[in-house]
Amino acid sequence: MPNSPPHPHFQYMEKDERIPVYMGGVPTPDDAVLVEDGHTMPEAGHAVRFVAPKFGHQFGCFCCTTRGPSANAFSALYIARATGGAPYFRRVLVLASLLGEADVRSALEQDAATRARFRLGCG
């Protein structure tokens, strides 16, 4: 076929427009930052604090919340971005312990609203 694209299966691939999330790093003024309680709030970036669930609690357990603390923090970031309360950030950095990072990963995998807006970044 002389007029067909070189790789026709690529024409249906879409770019992932969800906001990437990275564990750790140094925030810049253009970043959003999820900060676990007990960690120092960064000087740069739009920061939201969250409290990781206690060890032994499951994601979304009834005693914590229906969605989980990091899922609620992601929603707060997204709403602030959409309403102009935060700069139009293109990535989110997470400053947390291993337990806090596990809660963030769980929200990215299991919470529908978080998964629709955010994704785990590569690298």
Side-chain angles (χ1 to χ4, degrees):
M1 293 189 218
N3 292 329
S4 64
H7 300 288
H9 57 281
F10 287 137
Q11 70 187 12
Y12 299 108
M13 294 180 69
E14 295 180 18
K15 183 178 175 188
D16 190 343
E17 296 292 335
R18 295 176 295 166
I19 302 163
V21 177
Y22 299 93
M23 303 299 165
V26 179
T28 68
D30 296 331
D31 291 330
V33 188
L34 281 185
V35 182
E36 183 182 6
D37 194 38
H39 286 73
T40 305
M41 294 295 274
E43 293 183 23
H46 179 81
V48 172
R49 188 173 294 281
F50 75 100
V51 178
K54 295 185 180 355
F55 180 74
H57 290 233
Q58 298 295 317
F59 169 75
C61 65
F62 185 72
C63 62
C64 293
T65 63
T66 304
R67 295 185 63 215
S70 59
N72 289 330
F74 275 118
S75 288
L77 281 176
Y78 192 80
I79 290 168
R81 179 184 186 229
T83 60
Y88 191 85
F89 53 84
R90 296 191 182 279
R91 70 178 186 164
V92 176
L93 299 181
V94 177
L95 306 178
S97 66
L98 291 177
L99 183 61
E101 286 183 8
D103 186 59
V104 167
R105 289 178 193 275
S106 186
L108 289 167
E109 294 170 3
Q110 298 177 13
D111 183 74
T114 302
R115 190 175 58 240
R117 299 170 179 157
F118 300 91
R119 64 177 171 83
L120 192 59
C122 299

Item to complete: Check whether the side chains of Asp31 and Thr28 place a donor and an acceptor atom closer than 3.5 Å, and report yes or no.
Response: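 Short answer, yes.
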Practice prompt. Would you kindly say whether Tyr22 and Arg91 are connected by a side-chain donor-acceptor distance under 3.5 Å?
Written response: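 No pair is found: no donor N or O on one side chain lies under 3.5 Å from an acceptor on the other.
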Worksheet item: Has the side chain of Thr83 got a donor or acceptor atom that lies under 3.5 Å from a matching backbone atom of Ile79?
Response: yes
Compare all side-chain heavy atoms of [X] with those of [Y] and state whether any distance is below 4.5 angstrom.
X	Y	value
Val48	Phe74	no
Pro42	Val35	yes
Pro87	Asp30	no
Pro29	His46	no
Asp37	Phe50	no
Arg119	Val21	no

Rounded distance (nearest 0.5 Å) linking atom [atom1] of [X] with atom [atom2] of [Y]:
X	Y	atom1	atom2	result
Leu93	Leu95	CG	CG	6.5 Å
His39	Ser97	NE2	OG	6.0 Å
Glu109	Leu120	CD	CG	8.0 Å
Ser70	Arg105	OG	CZ	11.5 Å
Asp103	Leu34	CG	CG	10.0 Å

List the atom of [X], the atom of [Y], and the distance in Å for their closest heavy-atom pair.
X	Y	value
Glu101	Ala96	OE2-O, 3.7 Å
Glu36	Ala52	OE2-CB, 3.3 Å
Ala44	Val33	O-CG2, 4.2 Å

Discussion item. Could you see if Leu108 belongs to whatever hydrophobic cluster contains Val51? Use Ile, Leu, Val, Met, Phe, Trp, Tyr and a side-chain cutoff under 4.5 Å.
Written reply: no
Item to complete: Please say whether the positively charged group of Arg18, taken as NZ for Lys or CZ for Arg, lies over the ring of Phe118, i.e. under 6.0 angstrom from the six-membered ring centre and within 45 degrees of the axis.
Response: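 Not satisfied by the 6.0 Å and 45° rule.
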Practice prompt. Using the six-membered ring of Tyr88, assess whether NZ or CZ of Arg81 lies under 6.0 Å from its centre and within 45 degrees of the ring axis.
Written response: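 Positive - Arg81 is close enough to the ring of Tyr88 and near enough to its axis.
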Discussion item. One pair to check against side chain to side chain contact (heavy atoms under 4.5 Å, CB included): Tyr78 and Thr114. What are the steps and the verdict?
Written reply: CA-CA 9 Å; Tyr78 192 80; Thr114 302; over 6 Å; no
